[in-house]
**Q** 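Here's a structure for you.
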There are 2 protein chains.
Amino acid sequence: MQDRKQRVTLKHVAKAVGVNVSTVSRALDPAATHHVSPELAEEIRKASRKLGYKPNAAAYSLKTNRTRTIGVVVPDIADPVFPPIIRGIEDGLGLHDYVSIVANTDNDARREERVLETLNSRGVDGFILATTKRRDALIPRLTEGKPVISIIRKVDDARFSSVVHDEDEGIRRLLTHLVSLGHREIAHIAGPQEVSTGFMRYSAYERYRKLLGASPAGTLAVFARTFSEEEGERCAEELLVTGRAFTAVVCANDQLAIGAIAAFQRRGLLCPDNISVTGFNDIPLVDRLQPPLTTVRVQHHKLGFESALLAVEALRASGKTPKTSHMVLPIELVVRASTRAVRPPMPPGKVGARKRDAERAD
Amino acid sequence: MQDRKQRVTLKHVAKAVGVNVSTVSRALDPAATHHVSPELAEEIRKASRKLGYKPNAAAYSLKTNRTRTIGVVVPDIADPVFPPIIRGIEDGLGLHDYVSIVANTDNDARREERVLETLNSRGVDGFILATTKRRDALIPRLTEGKPVISIIRKVDDARFSSVVHDEDEGIRRLLTHLVSLGHREIAHIAGPQEVSTGFMRYSAYERYRKLLGASPAGTLAVFARTFSEEEGERCAEELLVTGRAFTAVVCANDQLAIGAIAAFQRRGLLCPDNISVTGFNDIPLVDRLQPPLTTVRVQHHKLGFESALLAVEALRASGKTPKTSHMVLPIELVVRASTRAVRPPMPPGKVGARKRDAERAD
DNA sequence: GCAAATCCTGCAAACGATTGCAAAAATCCT
DNA sequence: AGGATTTTTGCAATCGTTTGCAGGATTTGC
């Protein structure tokens, strides 16, 4: 009747060796193996290997209240920034025999609440969250005091560790690059301000814009509601109707930039001939676009990897110092063809008007 | 001392209501709730809600030997075809309170063996595998008789269900499309033949090529070792050195197509002016490339979703008919600018030679 | 109105590990 | 050599569920 052959348990190997299960348990636990005589331990290990013993994770969890599982929450795994991050998380966790369960929220607070509850009932030991808002009431309430690592974004709460990219430096490099190409009127398509990436990139834009003397007439920013191509298009249109002149646009991420370029092009503004555009993240294929996108390369895999290590470290130290740490990963400016020196110097005046320059530049 | 407040268990709600835990257990189990009087059941449910009872997954698993967890194995989650599939899996599993644990193999058999063992020791109830080979010895050995759904690829073993795209129809549509544009000499950059997608697309190419009377001089196929842009470039070069003439190339997936287009362009062969190229999968951003890629759109999310449903269904029926089912999802041809009518009719002769036509077509 | 059937609930034994405690054995010390 | 100490091992409780079994209460049939 039993089509599935019985798994071998501690009891089986105990019987095989002729000792008590507790002895086997200790012999197999590296942390307690010194409590059993070396020869016996070796014999037990051999027997357990021969019988093909595999510990039962459920029993272990029930007893120890640890699952060696981390809950990972992202807006949408299909957004191209997340796969390499998740891969990094899995690689990092795998080093310590942890696994992850990932859940998507679609940026919906109710969904987020639900997935956190699900993860809790699964008994995850800790969380890696890519969905945190700057002020996030949900998190403290639903993580049951377990370690939380906020990735990509930061939450304004000292209890939560974080690992993020150096957004500030990324924006600084982009602006410096554009200014060095002669751009002065530099617009910004900002991301949603309730998430820290959107906010940080926007405030970096403001800060360095002033510092570098760009857009001296005042800020030239519009705000996207999501980090999507569609919003990029919408925001580009919005920039055009302001009537303000600009020769370059710093976009808060690659998708916004792609949308913006498309919208500009539809209005006869070619990138980079008439306008330079930059992205952020360097997602796959943006190097193959026409023009290839100037952007900021971030270390997605590493970010995931480090957050995983941080999580298991926090778990090991559990009870001790629940020290939170904050990690900022360096970025890299990658200059491609979507940015170019201003030439000829932009005539002051309306830009929204159709504007067909020479189709081909040198 | 206890910084983490105690989770509420069956015992707590039992005490609160004044009944035995077994009664609570039954009242809360929809399948057994009729074994307890309706009023009492309601009272118990209310109390459990008020106390915030959340079942302990570990205890449940230990007792029932079911984890409501599915192991998902992919080559690399960072490959753009997988994220939407995984999202689909998670959406499908979520409907039934299942979750997934995903693991990457990097197409390495040893790694695959390791991750399968890990998943087994986690006690997953079943597997969804995107890594199967056509003849795969690993799978039967390491899945312990649990349900296995092979996705994207098929394995030649009646025990395993599968859900795949209609590769055959996809290739047929591409070839028909090209032939209708006047192409006759149509090459193929095939994927790895040990995986069923590579194999199926290649054999479909051969079959329909003959049927449609394309490449009458005989097959014109080269084989990529991986589904990557680099291999696409290499294979394109390889095609050129054959000296055979061709006006179109059907590539086994989008990445190969992207690489091929780049390689052709480096040799002065423009797509689509001099050569038409097609992809497969319609991954993100291929619509934004220059030229936008003609390709076959597959239903990634749905594929994942359906495989998830199949998996839980197999689990429900466990013990009953372990009927395996095979599902083939329809595809969709999406014609973009990387394919164009041959014009002027290709002069027979060498193609490898540099060949600059009018830069701009009609 | 009484025996039989049915319904509801509780008891207790699992599931497979970990771990404090105690007993037994080995080792040490003087 | 004999008591004290340490090392090695076993016993048994426990984690939070599920579930077969049985007994008590209730309903049913005649």
Side-chain angles (χ1 to χ4, degrees), chain A residues 2 4-45 47-48 51-69 97 120-123 125, chain B residues 2 4-45 47-48 51-69 97 120-123 125:
Chain A
Q2 84 300 10
R4 195 165 300 175
K5 59 173 157 302
Q6 196 68 350
R7 281 177 62 92
V8 6
T9 74
L10 277 191
K11 208 184 299 189
H12 297 138
V13 5
K15 191 167 300 172
V17 182
V19 295
N20 187 279
V21 293
S22 60
T23 306
V24 179
S25 173
R26 284 189 269 255
L28 264 30
D29 177 0
T33 190
H34 58 282
H35 284 178
V36 33
S37 70
E39 317 82 49
L40 182 55
E42 186 50 42
E43 188 185 347
I44 290 175
R45 256 171 277 143
S48 114
L51 297 182
Y53 168 73
K54 287 278 183 300
N56 180 310
Y60 171 86
S61 297
L62 178 57
K63 187 62 179 129
T64 64
N65 207 28
R66 264 171 283 142
T67 53
R68 303 184 84 79
T69 300
D97 277 314
N120 272 324
S121 88
R122 292 289 175 155
D125 295 340
Chain B
Q2 84 299 11
R4 195 165 303 175
K5 57 173 159 302
Q6 196 69 350
R7 281 177 61 90
V8 6
T9 74
L10 278 191
K11 208 183 300 187
H12 297 139
V13 2
K15 190 168 301 170
V17 181
V19 297
N20 188 277
V21 293
S22 60
T23 305
V24 180
S25 173
R26 283 189 268 255
L28 264 31
D29 177 359
T33 192
H34 58 281
H35 284 178
V36 30
S37 70
E39 316 82 50
L40 182 53
E42 188 47 43
E43 187 185 348
I44 290 176
R45 256 171 276 141
S48 113
L51 297 181
Y53 167 74
K54 286 279 182 302
N56 180 310
Y60 172 85
S61 296
L62 178 57
K63 188 63 182 133
T64 63
N65 207 29
R66 264 171 283 140
T67 53
R68 304 183 83 79
T69 301
D97 277 314
N120 271 323
S121 87
R122 292 288 175 152
D125 295 339

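Being a predicted model, the structure only gives us computed values, none of them experimental. Just so we're on the same page: letters track the sequence lines, and every chain starts at 1.
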**Q** Kindly compute the distance separating CG (A:N56) from OG1 (A:T9), expressed to the nearest 0.5 Å.
**A**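 Atom-to-atom, A:N56:CG and A:T9:OG1 are 9.0 Å apart.
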**Q** Enter the distance from B:T69:OG1 to A:R122:CZ here, rounded to the nearest 0.5 Å.
**A**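 Between atom OG1 of B:T69 and atom CZ of A:R122 there are 4.0 Å.
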**Q** Between CG of B:D125 and CG of B:N65, what distance do you get to the nearest 0.5 Å?
**A**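 That separation rounds to 8.0 Å.
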**Q** Starting at CZ of A:R66 and ending at P of D:dC15, how long is that distance when rounded to a whole Å?
**A**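 The answer, rounded to whole Å, is 16 Å.
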**Q** Classify every nucleotide of nucleotides 9-14 of chain C by which part a protein heavy atom approaches to under 4.0 Å, writing B for the base, S for the sugar-phosphate alone and - for neither, in 5'-to-3' order.
**A** BBBB-B
**Q** Atom CG of A:N65 and atom P of D:dT17: how far apart are they, to the nearest Å?
**A**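 Going from CG in A:N65 over to P in D:dT17 covers 11 Å.
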**Q** To the nearest angstrom, how far is A:D29 atom CG from D:dT9 atom P?
**A**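 For the pair A:D29 CG and D:dT9 P, the rounded distance is 15 Å.
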**Q** Atom CG of A:L10 to atom P of D:dG10: distance rounded to whole Å?
**A**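 Those two atoms, CG and P, are 13 Å apart.
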**Q** With sugar-phosphate meaning primed atoms plus P, OP1 and OP2, does A:S25 contact a base, only sugar-phosphate, or nothing at under 4.0 Å between heavy atoms?
**A**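 Counting heavy atoms under 4.0 Å across all strands, the contact made by A:S25 includes a base.
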**Q** Where the side chain of B:S25 meets the backbone of B:V21, is there a donor-acceptor pair that is under 3.5 Å apart?
**A**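 Between the backbone of B:V21 and the side chain of B:S25 there is no qualifying donor-acceptor contact (under 3.5 Å).
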**Q** Taking a pair as Watson-Crick or G-U wobble with both distances under 3.5 Å, which nucleotide is matched to C:dC7?
**A**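 In the structure as shown, C:dC7 has D:dG24 as its Watson-Crick or wobble partner.
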**Q** Donor-acceptor pair, distance only, cut-off 3.5 Å: does the side chain of A:R7 make one with the backbone of A:K54?
**A**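 It does hold such a pair.
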**Q** Could you state the NE2-C1' distance from B:H12 to D:dC15, rounded to the nearest angstrom?
**A**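 So the NE2-C1' distance, B:H12 to D:dC15, works out to 12 Å.
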**Q** Roughly, in whole Å, what's the span from CD in A:E43 to C1' in D:dT8?
**A**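 Taking CD of A:E43 and C1' of D:dT8, I get 14 Å after rounding.
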**Q** Nearest-Å distance, NZ (A:K54) to P (C:dA17)?
**A**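 The distance from NZ of A:K54 to P of C:dA17 comes to 12 Å, rounded to the nearest Å.
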**Q** B:S61 vs B:R68, test: side-chain hydrogen bond (donor to acceptor under 3.5 Å, both in side chains). Steps then yes/no.
**A** CA-CA 8 Å; B:S61 296; B:R68 304 183 83 79; over 6 Å; no
**Q** Round to the nearest Å and state the distance from A:Y60 atom OH to C:dT18 atom P.
**A**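 Going from OH in A:Y60 over to P in C:dT18 covers 7 Å.
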